[in-house]
Every structure is written in structure tokens, then in C-alpha cells.
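Notes follow once the structure below has been shown.
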Amino acid sequence: LFTDDFKGTVLHSKIDFIEILNGSPEPHCDDRDSLCHCEERSDVAISSPVLVSVGAGVVFDDFCAWAAKEGLWGVENLSYIPGEVGASAVQNIGAYGVEVKDVIHKVYCYDTVEEEFVSFSVEECGYGYRDSFFKRPEIKGRYVVTHVVFALSREPKPVLEYGHLKEAVADCHFERSGSGDEKSLTPTMIRKVIIRIRKEKLPEPSVKGSAGSFFKNPVVPMEQFLKIEAAAKAEHGSDYKVPHYDLPDGMVKIPAAWMIEQCGWKGKRSGGAAVWDKQPLVIVNHTGEAYPEEIIGLEKRIIASVRTRFGVELHPEVEHV
Ligand code: EPU
């Protein structure tokens, strides 16, 4: 989010290649009508990761489309996320139960301080929820990602646990193949369902400017969640369920979208800016001519009302430049 005119130069990576590193590409096994020899290959070959090197300037969804076409599993749930491969490795983009860190093998960069090319293993990247080593204040801006090596899989690895994804995929699968058998799922089928869900909920980037989710989902201690839940039940009835995800460390992640909706912000406009009516975690440049202060004004007012109502501090996911 540009908060003012930017007095500098913006470099945009055009490093634009996708290359399988270990072995030659297998025949496309995502096309059920073609002669597919998956089952003839040994388990060892199918289960070993396929390392794919992708330039930082490749549009992330072009990579997802390529992987699906190649019958490679791993990034299908990340389909249709706007942005490019270099940024994905900085932000640890995530959607529908998958984060890009789950499939990153190594990140290659140019170090602008030592003026040399370097690489980081996935462990060294220090990934967390929408977070990485590259975002630390003392590191930020030092490394320019040149390419990322992903570890994909020829072995089917559907991740369908998020929300109603399993049901949506099962419906689509049945329509297409007349079978609900998970074994015959393909990355392309999952990709299609993900794209449909995203299109239903999120603004089309080429039509309505936004940065996707404006805020991160907050993580709160269990006691705080129980208080929020008790207040919601008192207001909406004892059967009411507050959406949440229990984390392994005993903390609870609450969808910021729910809190923002509860505070009455869904669909609200402020000058050229608006809260998206189908997913209030997204602030859009509604008129295409919104001033930065209109977006930031909405951001501040949403943070303040969530703080007042729930005692929870929202933090933007969007970088302010
Ligand atoms: N919800 C509402 N009202 C709404 C919309 C959602 O109450 O209008 C509640 C519902 O309970 C719903 C829950 O929020 O079940 C979660 O909604 P959704 O599945 O849309 O996911 P999210 O938590 O709002 C996160 C990511 C998205 C990602 C989706 C799907 C963050 C900050 N955002 O959103 O990522 O696509 O999950 O995995 O974690 C992005 O980062 O730019 C982004 C779009």
C-alpha cells in the first residue's frame, strides 16, 4: 500500500523460468483420458520429491497452472493467489490449509550487502504465519529473491481439511468423473474448485484493486477466546458457534473476517475505499481513485472497533510503503 508518492525506483523481477531439476519431466498424468503410466512407475520414483526451480518473476498462479498440468502436487491449494514467486517466499503465502513453506526447498537470493548470490534452506527462512526471516526489520530489503526451488510430488497429496473444501471437491469430482474416489483426484480438479471458491469470495484483482486480506488473523490465548465465545453466545444464543482454529500450542486463531463483520464493517464505504461485501478481511480501492488516507482511515477505524469490542489487536498483513 503506497501511503504517498514514492520517491525512488521500483525494480520488478522479470526472472521468468520454470525448470524441473531432478530428471526429465514425466508424461502428464493429470489428463485421465491420455495414456498415463503412473501406476507402472515404481513407488520409489513416484514418492521422491520433484524439485522445480522457478524464477522470482513468474506469476505464482502460472506456476500453479503449470504444476497441475504436469500432474505435480503441492501448490494446487495456492491457486489464483495474486503476485509472483519471489514475493511468495518472503510472505509465506497461504490458503486452504497449505502454506508455501510446505513446498519450498530452497530460496536463492542476491545479497545487496555482501554483493553475492546466496541461498537459504527452508529452515533458514524462519517461516511462520505470513512471516519469514526476510521480513525481520534488520534484514528487510537486503536480499533480492532470484528464484525458488520447490519440492513437489507426483504422489497424490490432496489437502482438503480446510472449511468445506472436501465437500466442494467431492461434488466437482463426482460431476466430472462420476466417481467420488479420492484416489482418482487430480491437482487440476482441486485447482478448479479453489479458483471457483476464490472468485466467489474475493475481488477480481484485475477489476478491483486490493491487497487480498488486509489484516492477519489474530491469535489469542484460550481464556480470551472463551470470553469472546461467551459474549457471542449471550448475544446470539447458546447454539451460536464462533469460528476458530485451535493451535497446537493451546492458542486460538480467530478469523478477523468474523470480528470485522460483527463490528458492522462488511460492505461499508469510506470515500474511494470500501470493505469488501463478501469477505470483510479485504479492503478495496472501490472507485479506483481511493486516496491512501481513505484506506488507512478505514484500517485504523476497523482496528479500533475490534479492539473496543473484543479486546483484540488486529495487525495488517499489507505492507505500508
Ligand atoms: N467469515 C465471516 N464473515 C465473512 C467471511 C468470513 O464471519 O464475510 C468467517 C467465517 O467463519 C469463515 C472464516 O471467517 O469460516 C474464514 O474465512 P475464509 O475461509 O475466507 O478465510 P480467512 O481466514 O478470512 C484466510 C487467509 C486468506 C486465504 C483464506 C483461505 C489470512 C489473513 N487470510 O482468510 O488469504 O485465502 O484464509 O485459506 O490468513 C491473503 O492472505 O491475502 C488471503 C486472501
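Ligands are counted one by one from 1 in listed order, and the atoms in each one are counted from 1 as well. We number each residue from 1, following the sequence as shown.
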Tell me the protein heavy atom at minimum distance from [atom], and give that distance in Å.
atom                    : answer
atom 1 (N) of ligand 1  : A257 CB, 3.7 Å
atom 19 (O) of ligand 1 : Y162 OH, 2.6 Å
atom 40 (C) of ligand 1 : S213 OG, 3.1 Å
atom 24 (O) of ligand 1 : Q279 NE2, 2.8 Å
atom 31 (C) of ligand 1 : Y129 OH, 3.3 Å
atom 7 (O) of ligand 1  : W258 CA, 3.2 Å
atom 3 (N) of ligand 1  : E261 OE1, 2.6 Å

Pairwise side-chain contact, E76 with V193, heavy-atom cut-off 4.5 Å (strictly under): no
V169 side chain reached by M189 side chain, heavy atoms, under 4.5 Å: no
Rounded distance (nearest 0.5 Å) linking atom NE2 of H105 with atom CZ of F120: 15.0 Å
Spacing of CD1 belonging to I283 relative to CG belonging to L298, to within rounding of 0.5 Å: 5.0 Å
Enumerated ligand 1 atoms positioned under 4.0 Å from heavy atoms of [X]:
X    : answer
K278 : 8 (O)
P243 : 11 (O)
Y96  : 30 (C), 38 (O)
G212 : 42 (O)
R130 : 26 (C), 27 (C), 31 (C), 33 (N), 35 (O), 39 (O), 40 (C), 41 (O), 43 (C)
A95  : 36 (O), 38 (O)

Heavy-atom protein contact below 4.0 Å for atom 15 (O) of ligand 1: no
Sub-4.0 Å protein heavy atom next to atom 12 (C) of ligand 1: no
Ring centres under 6.0 angstrom apart (Y108, F117):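 That pair fails the under 6.0 Å test.
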Parallel, tilted or perpendicular: rings of Y162 and Y96 (30°, 60°):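 Ring orientation, 0 to 90° scale: perpendicular.
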Ligand 1 contact by G163, heavy-atom criterion under 4.0 angstrom: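 Under 4.0 Å: no for G163.
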Take a 6.0 Å sphere around [atom1] of [X] and say whether it holds more than 12 heavy atoms from other residues, nucleotides or ligands.
X    : atom1 : result
H164 : NE2   : no
K208 : NZ    : yes
Y291 : OH    : no

Part of F214 within contact of ligand 1 (heavy atoms, under 4.0 Å): neither
Y129 six-ring centre to K253 NZ/CZ under 6.0 Å and within 45° of normal: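 Judged by the rule, K253 and Y129 form a cation-pi pair.
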